[in-house]
Amino acid sequence: MVLLPKKTKHRKVRKGKNNGVATRGQYVAFGDYGLQSQSNERITSRQIEAARQAMTRHIARGGKIWIRVFPHTPVTKKPLDVKMGSGKGNPEFFVAKVKAGTILFEMKGVEESMAREAMRLASHKLPVKTRFVVKEQI
């Protein structure tokens, strides 16, 4: 179940910049535990899915997982052995632009030690440095 947008406004987009810290999506909203990114990076839909599978396998029929990032941005690639020029390549995959501080995944319904280990396994599948966060009790 690879995440893809149903429809995009533009088929191809420019790279753009991805710097600064997250101003939204930076607190645990749904679950009790979260995995927070510590750096800015583009995360592909395949990496998100690999991390989700790693967490789901570890918690084995317990708890609930939320994916808080979605890959909206298409990334284009040109085929191998194509000369310079002749336009922009075709969209190959989708990425989520993640800023430092963004909560990537959330989890609820498992004890902290199990959640921590599941998130650790998931973090190995991602290109960003991450940290485990616990929801603040008010």
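This structure is a prediction, so every number in the text was calculated from the model and none was measured. We number each residue from 1, following the sequence as shown.
- Checked by atom type and distance alone, the side chain of Glu106 pairs as donor or acceptor with a backbone atom of Ala29 at under 3.5 Å.
- Interatomic distance, NE2 of His58 versus CD1 of Ile65, reported as 10.5 Å (0.5 Å rounding).
- In this structure the side chain of Met107 reaches within 4.5 angstrom of the side chain of Met55, judged on heavy atoms.
- Dense packing is recorded around NE2 of His124, with more than 12 heavy atoms of other residues, nucleotides or ligands lying under 6.0 Å away.
- Side-chain atoms of Ser37 do not come within 3.5 Å of backbone N or O of Val128 as any donor-acceptor pair.
- Proximity of Glu117 to Leu121: side-chain heavy atoms (C-beta onward) are separated by under 4.5 Å at one or more points.
- The environment of NZ in Lys78 is crowded: more than 12 heavy-atom neighbours from other residues, nucleotides or ligands sit within 6.0 Å.
- With Asn40 contributing its side chain and Ala100 its backbone, the two residues share a donor-acceptor pair below 3.5 Å.
- Looking at heavy atoms from C-beta onward, Asn90 lies in side-chain contact with Arg11 at the 4.5 angstrom threshold.
- Atom NZ of Lys125 sits in a sparse spot, with 12 or fewer heavy atoms from other residues, nucleotides or ligands closer than 6.0 Å.
- Proximity of Phe132 to Glu112: side-chain heavy atoms (C-beta onward) are separated by under 4.5 Å at one or more points.
- Taking 4.5 Å as the limit, some side-chain heavy atom of Trp66 sits within range of a side-chain heavy atom of Lys108.
- Using modelled atom types, one side-chain atom of Gln36 and one backbone atom of Gly101 make a donor-acceptor pair closer than 3.5 Å.
- Minimum interatomic distance between Ser86 and Val82 (heavy atoms only, all atoms of both residues): OG-CG1, 4.2 Å.
- Linking Ile, Leu, Val, Met, Phe, Trp and Tyr whenever their side-chain heavy atoms come within less than 4.5 Å leaves Val133 and Val98 in two separate clusters.
- To the nearest 0.5 Å, the span separating OG on Ser39 from CG on Asn19 amounts to 13.0 Å.
- To the nearest 0.5 Å, the span separating CD1 on Ile59 from CD on Glu111 amounts to 10.5 Å.
- To the nearest 0.5 Å, atom OG1 of residue Thr73 and atom CZ of residue Arg42 are 8.0 Å apart.
- The two atoms that bring Thr23 and Gln26 nearest to each other are O-NE2, 3.3 Å, heavy atoms only.
- With rounding to the nearest 0.5 angstrom, the OG1 atom of Thr76 is 4.0 Å from the NZ atom of Lys88.
- By the 4.5 Å heavy-atom criterion applied to side chains, Phe94 and Val2 are not counted as neighbours.
- Taking CZ of Phe70 as the start and CD1 of Ile48 as the end, the distance is 8.5 Å to the nearest 0.5 Å.
- Linking ILVMFWY side-chain heavy atoms closer than 4.5 Å, directly or via other members, places Val69 and Tyr33 in a single hydrophobic cluster.
- Both Leu35 and Leu3 sit in one connected hydrophobic cluster of ILVMFWY residues. Membership requires side-chain heavy atoms under 4.5 Å apart, directly or through other members.
- Side-chain atoms of Lys12 come within 3.5 Å of backbone atoms of Gly89 as a donor-acceptor pair (strictly under, hydrogens ignored).
- By the 6.0 Å contact criterion, OH on Tyr27 is open, its count of non-hydrogen atoms from other residues, nucleotides or ligands being 12 or less.
- Leu104 and Val28 are assigned to two separate hydrophobic clusters, defined by single-linkage of ILVMFWY side chains at heavy-atom distances under 4.5 Å.
- Taken together through direct or relayed side-chain contacts under 4.5 Å among Ile, Leu, Val, Met, Phe, Trp and Tyr, Ile43 and Ile103 form parts of separate hydrophobic clusters.
- Annotation for Pro71 and Ser45: closest pair CG-CB, 3.7 Å, computed over non-hydrogen atoms.
- In terms of modelled atom types and a separation under 3.5 Å, the side chain of Gln53 and the main chain of Ala50 share no donor-acceptor contact.
- Salt-bridge formation is not detected for the pair Arg46/Glu49: no Lys NZ or Arg NE/NH1/NH2 atom is positioned less than 4.0 Å from an Asp or Glu carboxylate oxygen.
- Counting only distance, with no hydrogens or angles, the side chain of Lys97 and the backbone of Lys15 share a donor-acceptor pair below 3.5 Å.
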